[in-house]
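All residue numbers in this chain count up from 1 along the given sequence.
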Amino acid sequence: MTPHEQIFAVLGALADGRVFPGLAKPGTPLPYVTFRVISGRAINFVTGEKPAKRFVRVQVNVWATSSIEAFQVAMQAEDTLRAAKELQPEVLTGATDTYDEVVKYRGAMQDFQLFL
């Protein structure tokens, strides 16, 4: 299973199921959640074995009509990831306000490290 599939399996019920790896399709109703794998940390064994798991840094973005709504869903995303003990989640940043000037959406974004 890819990191994207594993993350979707955990977050997929948020925002009435409007959760997308990468970008949402134009016209997707608000609010919705997107996530991106933005980095990782390699695990290397001196034996050359391939590790069964990997560290993945993930950015979760929530888009809504208001900052309040975006943060409400962002808090749900954080709670959901924290509860996914099998991913050994680590919250790396607090949620940050963002704004998309083109579509006029308010948002919140936050970074996590997961062990997948």
Side-chain angles (χ1 to χ4, degrees):
M1 191 181 294
T2 70
H4 296 81
E5 291 168 318
Q6 290 176 282
I7 296 162
F8 182 81
V10 172
L11 295 178
L14 295 174
D16 292 328
R18 292 185 300 274
V19 177
F20 308 93
L23 300 171
K25 294 178 184 174
T28 298
L30 296 172
Y32 64 80
V33 177
T34 62
F35 63 89
R36 301 180 321 138
V37 175
I38 57 173
S39 180
R41 186 174 53 149
I43 299 171
N44 297 296
F45 298 114
V46 294
T47 60
E49 290 177 68
K50 178 183 172 187
K53 291 188 166 190
R54 67 189 74 203
F55 288 102
V56 176
R57 185 173 179 146
V58 176
Q59 182 182 75
V60 176
N61 305 288
V62 177
W63 297 102
T65 57
S66 72
S67 295
I68 291 171
E69 183 180 38
F71 266 75
Q72 288 171 336
V73 177
M75 290 166 48
Q76 292 172 0
E78 180 178 329
D79 292 347
T80 300
L81 283 171
R82 283 182 185 272
K85 302 290 186 207
E86 70 279 7
L87 302 182
Q88 298 179 22
E90 181 180 347
V91 178
L92 298 177
T93 65
T96 304
D97 273 316
T98 190
Y99 179 69
D100 187 311
E101 298 213 14
V102 174
V103 293
K104 310 293 188 219
Y105 292 170
R106 307 283 176 184
M109 62 181 157
Q110 188 169 12
D111 291 358
F112 302 86
Q113 179 172 273
L114 307 174
F115 190 51
L116 310 170

Step through the shown structure and confirm whether more than 12 heavy atoms of other residues, nucleotides or ligands are within 6.0 Å of CG on D79.
yes

Side-chain (Q110) to main-chain (T93) donor-acceptor, under 3.5 angstrom:
yes

Shortest non-hydrogen contact from A77 to V60?
CB-CG1, 4.1 Å

Indicate, with yes or no, if V62 and M109 share a hydrophobic cluster defined by side-chain heavy-atom contacts under 4.5 Å among Ile, Leu, Val, Met, Phe, Trp and Tyr.
no

Restricting to non-hydrogen atoms, name the atom on R106 and the atom on Y99 that form the minimum distance, rounded to 0.1 Å.
NH1-CD1, 3.6 Å

Under the 3.5 angstrom rule, does the side chain of S39 hit a backbone N or O of R57 as a donor-acceptor pair?
no

Verify the cluster assignment for V73 and Y32: are they in a single hydrophobic cluster under the rule of side-chain heavy atoms below 4.5 Å apart?
no

Output the distance between atom CZ (F71) and atom OG1 (T96), rounded to the nearest 0.5 Å.
6.5 Å

Which is it for T80 and L11 under the side chain to side chain contact (heavy atoms under 4.5 Å, CB included) test, yes or no, and what are the steps along the way?
CA-CA 7 Å; T80 300; L11 295 178; 4.2 Å; yes

Please tell me whether L116 and V91 are part of a single hydrophobic cluster in this structure, the criterion being side-chain heavy atoms less than 4.5 Å apart.
yes

Within a strict 4.5 Å, meaning less than it, do heavy atoms of the V37 and I7 side chains meet?
yes

Minimum heavy-atom distance F55-Q113, with the two atoms named:
CD2-NE2, 3.5 Å

Applying salt bridge (Lys or Arg N to Asp or Glu O under 4.0 Å) to R82 and not counting sequence neighbours gives E78

Please name all residues satisfying salt bridge (Lys or Arg N to Asp or Glu O under 4.0 Å) with E69, sequence neighbours left out, ordered by chain then number.
none

Hey, any chance F20 and V103 share a hydrophobic cluster, counting ILVMFWY side chains that come within less than 4.5 Å of each other, even indirectly?
yes

Would you say NZ of K50 has more than 12 non-hydrogen atoms from neighbouring residues, nucleotides or ligands within 6.0 angstrom?
no

CD1/I38: more than 12 non-hydrogen atoms of other groups inside 6.0 Å:
yes

Which atom of L30 lies closest to which atom of W63, heavy atoms considered:
CD2-O, 3.6 Å

Could you tell me if the side chain of Q59 sits less than 4.5 Å from the side chain of F112, heavy atoms only?
no

Is there a side-chain contact between E86 and V10, using heavy atoms and a 4.5 Å cut-off?
yes

Atom of Y105, atom of T28 and distance for their closest heavy-atom approach:
OH-O, 4.4 Å

In terms of heavy-atom contacts, H4 and P21 come closest through CD2-CB, 3.9 Å

